[in-house]
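Here is the structure we will look at, set down as structure tokens.
All values reported here derive from a predicted model rather than from experimental measurement. Reckoned from all heavy atoms, side chains included, excluding hydrogens, waters and symmetry mates.
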Amino acid sequence: MTSVLAHISAALTAAILQSAGFAVARHGTVILHGGRAIAVVAECSGARSLIAITGVILLACLLGWIRRSHAIWLLAVGMVASVACNVARCCVTVLWPGLHDIAGYIAFATVLATVLATDAHLSLKPRKGTTQ
């Protein structure tokens, strides 16, 4: 799984940076920019973020903190947000390697905030058969 995520992250990162006008090249999971080679290795694939957010959502569902219907939506949002935030982190890391760690913390915080905001939004919707 981490190898697939690393390839996806590297491909999306290179595509985004190239679209933004940066001179980058990609060979597998290695992105070349400014004379540097940045590898998107298994540890930077976004798998930890994906596993952590999935675990939190499933635990919340099992404990009855969220409804199952919410959990399905939150899992979908969490997966997309995890990949998107990891790609953003990779873009930042390619351009400014010194920000790798802080970008990772910000990326996970963003994933968590996205899932929490989605849960709040879902909780605001009235259930079928109820009146306001």
- Task: Indicate, with yes or no, if Leu59 and Ile72 share a hydrophobic cluster defined by side-chain heavy-atom contacts under 4.5 Å among Ile, Leu, Val, Met, Phe, Trp and Tyr.
- Result: no

- Query: Between CD1 of Ile106 and CG of Leu99, what distance do you get to the nearest 0.5 Å?
  - Reply: 8.0 Å

- Message: Tell me if a side-chain donor or acceptor on Arg26 pairs with a main-chain N or O of Gly28 at a distance below 3.5 Å.
- Response: yes

- What distance do Gln18 atom CD and Thr13 atom OG1 have between them, rounded to the nearest 0.5 Å? 10.5 Å

- Query: CG of Leu112 to OG of Ser82: how many Å apart, nearest 0.5 Å?
  - Reply: 10.0 Å

- Task: Look at the side-chain heavy atoms of Ile, Leu, Val, Met, Phe, Trp and Tyr, link any pair under 4.5 Å apart, and say whether Val41 and Val4 land in one connected group.
- Result: no

- Which atom names give the shortest non-hydrogen contact between Cys61 and Arg68, and what distance separates them? SG-CG, 3.7 Å

- Query: Which pair of heavy atoms, one from Ile53 and one from Gly78, lies closest together, and at what distance?
  - Reply: CG2-O, 4.1 Å

- Query: Within a reach of under 6.0 Å around CZ of Arg36, are more than 12 heavy atoms found that belong to other residues, nucleotides or ligands?
  - Reply: yes

- Would a hydrophobic clustering, with Ile, Leu, Val, Met, Phe, Trp and Tyr connected at side-chain separations under 4.5 Å, put Leu122 with Ile57? yes

- Message: Quick check for you: to the nearest 0.5 Å, what is the distance between Ile51 atom CD1 and Leu58 atom CG?
- Response: 12.0 Å

- Spell out, yes or no, whether Val40 and Leu5 are grouped together once hydrophobic residues are joined by side-chain heavy atoms under 4.5 Å, including indirect joins. no

- Message: Can you give me the closest heavy-atom contact between Leu32 and Ala37, atom names plus distance?
- Response: CD2-CB, 3.5 Å

- Take His70 and Ser123 through the test side chain to side chain contact (heavy atoms under 4.5 Å, CB included) and record every step on the way to the result. CA-CA 8 Å; His70 282 203; Ser123 296; 3.6 Å; yes

- Task: Would you kindly confirm whether Leu95 and Ile16 end up in one hydrophobic cluster when ILVMFWY residues are joined by side chain heavy atoms under 4.5 Å apart?
- Result: no

- Message: What's the separation between atom SG in Cys91 and atom CD1 in Ile31, rounded to the nearest 0.5 Å?
- Response: 7.5 Å

- Query: Rounded to the nearest 0.5 Å, how far apart are CE of Met79 and CG of Leu74?
  - Reply: 11.0 Å

- Measure from the side-chain N and O atoms of His33 to the backbone N and O of Ala25, and report whether any donor-acceptor pair falls under 3.5 Å. no

